[in-house]
Amino acid sequence: MGILSNIIKAFKGGASEVGEAIVDANAIRILEQEIREADQAIHKAKQSLTQLKATEIKLKREVTSLEKDITDYETKAMQALEQGKESLAHEVASRIADIEAERDDKAAEYTNLTAEVSSINTMIRKREQSIQKNKRELDKIKTVEQLQKTTAQMSTNFAATGNSQHRVADALDRVKAKQQNWRDNIDAGEWMEEQNIGSDLDSKLKAEGTGENSNSADDILARLKAKKAQ
């Protein structure tokens with residue numbers, strides 16, 4: 001956290017409160033910068049680790065090759081001894097000693113480098129985990145900050161408009177009332193259409209003399225005579 005520590009150091013002492021205020025005001029920007037720098041450092045560390053790993057692999061291959069040479073020369077030395085060529089066997093043994101010394105040096109270097117590669121790789125993995133954690137924390141901080149800004153903006157808007165909530169509610173009630181009136185008008189129109197259809201049917205039946213009530217004097221007199229006859 002180079003930038004953050006530098007700012008804090010710059011304001012230590014009598015102006016510490018001012019320094020803290022500056023850090024707080026720019027905390028997100030500072031953290032973002034620190035994460036970017038950490039990512040870059042991790043990338044460079046991985047490149048260096050890759051080179052070290054390549055050297056480790058090369059050393060292992062060289063050690064394996066030297067061990068093979070030792071085995072080959074040991075076979076040749078044994079053959080020389082079997083043939084009674086003591087001087088030649090001694091010369092081969094001297095060669096074996098040189099190769100073993102070289103092998104031992106490279107094997108020691110390989111062992112040390114393997115431990116270093118493993119240690120560095122572990123450090124990188126832990127640092128990556130720490131960076132990922134910081135990124136998640138930064139995301140949460142940004143989310144909360146945005147929520148705070150939104151809440152503050154809403155409070156400001158409500159304060160500026162006075163009883164805006166009531167006004168909005170009243171406006172919604174008026175819209176609902178208009179919608180209800182519209183539905184009522186639709187229902188009334190459908191009812192009127194049904195009435196018109198029924199009226200047209202009654203007129204048609206009357207014209208045809210069907211279903212029409214008999215209220216003439218002759219009809220009434222005939223009905224009274226029928227009752228008297230009973």
Side-chain angles (χ1 to χ4, degrees), residues 1-13 16 19-20 22-145:
M1 295 289 177
I3 296 177
L4 183 60
S5 60
N6 290 337
I7 293 178
I8 293 176
K9 289 179 182 178
F11 287 94
K12 277 187 175 180
S16 60
E20 289 177 359
I22 293 177
V23 171
D24 291 344
N26 297 275
I28 292 180
R29 184 185 62 81
I30 293 172
L31 184 54
E32 288 176 332
Q33 179 63 26
E34 293 294 343
I35 289 176
R36 283 194 294 269
E37 291 179 358
D39 279 334
Q40 293 173 358
I42 288 294
H43 178 69
K44 292 179 180 179
K46 284 184 175 181
Q47 289 180 327
S48 298
L49 180 61
T50 301
Q51 294 175 353
L52 289 176
K53 186 65 179 179
T55 302
E56 176 193 345
I57 294 172
K58 179 182 177 182
L59 284 172
K60 183 178 181 180
R61 184 175 63 252
E62 291 176 348
V63 169
T64 301
S65 178
L66 290 171
E67 289 177 342
K68 182 177 181 297
D69 290 344
I70 291 171
T71 301
D72 290 342
Y73 277 114
E74 286 179 344
T75 300
K76 292 175 181 179
M78 293 294 293
Q79 291 175 349
L81 288 173
E82 290 174 356
Q83 295 172 1
K85 300 177 180 179
E86 185 78 22
S87 176
L88 179 60
H90 186 275
E91 185 178 347
V92 174
S94 177
R95 176 60 178 158
I96 291 173
D98 291 339
I99 297 175
E100 285 182 344
E102 183 180 1
R103 180 205 59 189
D104 291 343
D105 288 342
K106 288 186 179 295
E109 185 180 356
Y110 167 76
T111 300
N112 292 333
L113 185 57
T114 298
E116 290 179 3
V117 167
S118 178
S119 176
I120 293 173
N121 184 54
T122 299
M123 291 172 59
I124 289 175
R125 299 307 171 195
K126 289 182 177 180
R127 183 56 178 154
E128 283 183 320
Q129 292 175 357
S130 177
I131 292 173
Q132 291 302 320
K133 181 179 179 181
N134 288 338
K135 287 181 178 180
R136 291 192 295 270
E137 290 296 325
L138 179 59
D139 289 339
K140 288 191 289 186
I141 291 173
K142 286 183 175 181
T143 300
V144 172
E145 183 186 44

Distance in Å, [X] [atom1] paired with [Y] [atom2], rounded so as to fall on 0.5 Å steps:
X	Y	atom1	atom2	result
Thr64	Arg103	OG1	CZ	11.0 Å
Ile57	Lys60	CD1	NZ	8.5 Å
Ile131	Lys133	CD1	NZ	13.5 Å
Asn134	Asp139	CG	CG	11.0 Å
Asp105	Glu62	CG	CD	12.0 Å
Leu52	Leu59	CG	CG	10.5 Å

Please determine whether a side-chain nitrogen of the Lys or Arg among Glu32 and Arg29 lies less than 4.0 Å from a carboxylate oxygen of the Asp or Glu.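 Salt bridge absent between Glu32 and Arg29.
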Please name all residues satisfying side-chain contact (heavy atoms from CB on, under 4.5 Å) with [X], sequence neighbours left out, ordered by chain then number.
X	result
Lys46	Ile42, Ile124, Arg125, Glu128
Asp104	none
Lys68	Asp72
Ser65	Asp69

Residue pair [X] / [Y], side-chain heavy-atom distance below 4.5 Å:
X	Y	value
Ile70	Glu74	yes
Leu113	Val117	yes
Gln132	Gln129	no
Thr71	Glu67	no

With sequence neighbours left out, which residue pairs that include part of residues 79-99 fulfil the salt bridge (Lys or Arg N to Asp or Glu O under 4.0 Å) condition? none
If I compare all heavy atoms of [X] with all of [Y], which pair ends up nearest, and what's the gap?
X	Y	value
Ala89	Ala77	CB-O, 3.9 Å
Tyr73	Val92	O-CG1, 3.2 Å
Val63	Ala107	CG2-N, 3.6 Å

Is there a side-chain hydrogen bond (donor to acceptor under 3.5 Å, both in side chains) between Gln51 and Gln47 once you walk through the steps? CA-CA 6 Å; Gln51 294 175 353; Gln47 289 180 327; over 6 Å; no
Given Lys140 and Glu137, is the salt bridge (Lys or Arg N to Asp or Glu O under 4.0 Å) satisfied, shown in steps? CA-CA 5 Å; Lys140 288 191 289 186; Glu137 290 296 325; 3.1 Å; yes
Which is it for Asp39 and Ile35 under the side-chain contact (heavy atoms from CB on, under 4.5 Å) test, yes or no, and what are the steps along the way? CA-CA 6 Å; Asp39 279 334; Ile35 289 176; 3.8 Å; yes
So, Ser94 side chain and His90 main chain: donor-acceptor pair closer than 3.5 Å or not? no
For residues 111-120, which residue pairs pass the side chain to side chain donor-acceptor pair (under 3.5 Å) check, not counting sequence neighbours?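 For residues 111-120, and leaving out neighbouring residues, the side chain to side chain donor-acceptor pair (under 3.5 Å) pairs sorted by first residue read Glu56-Thr114.
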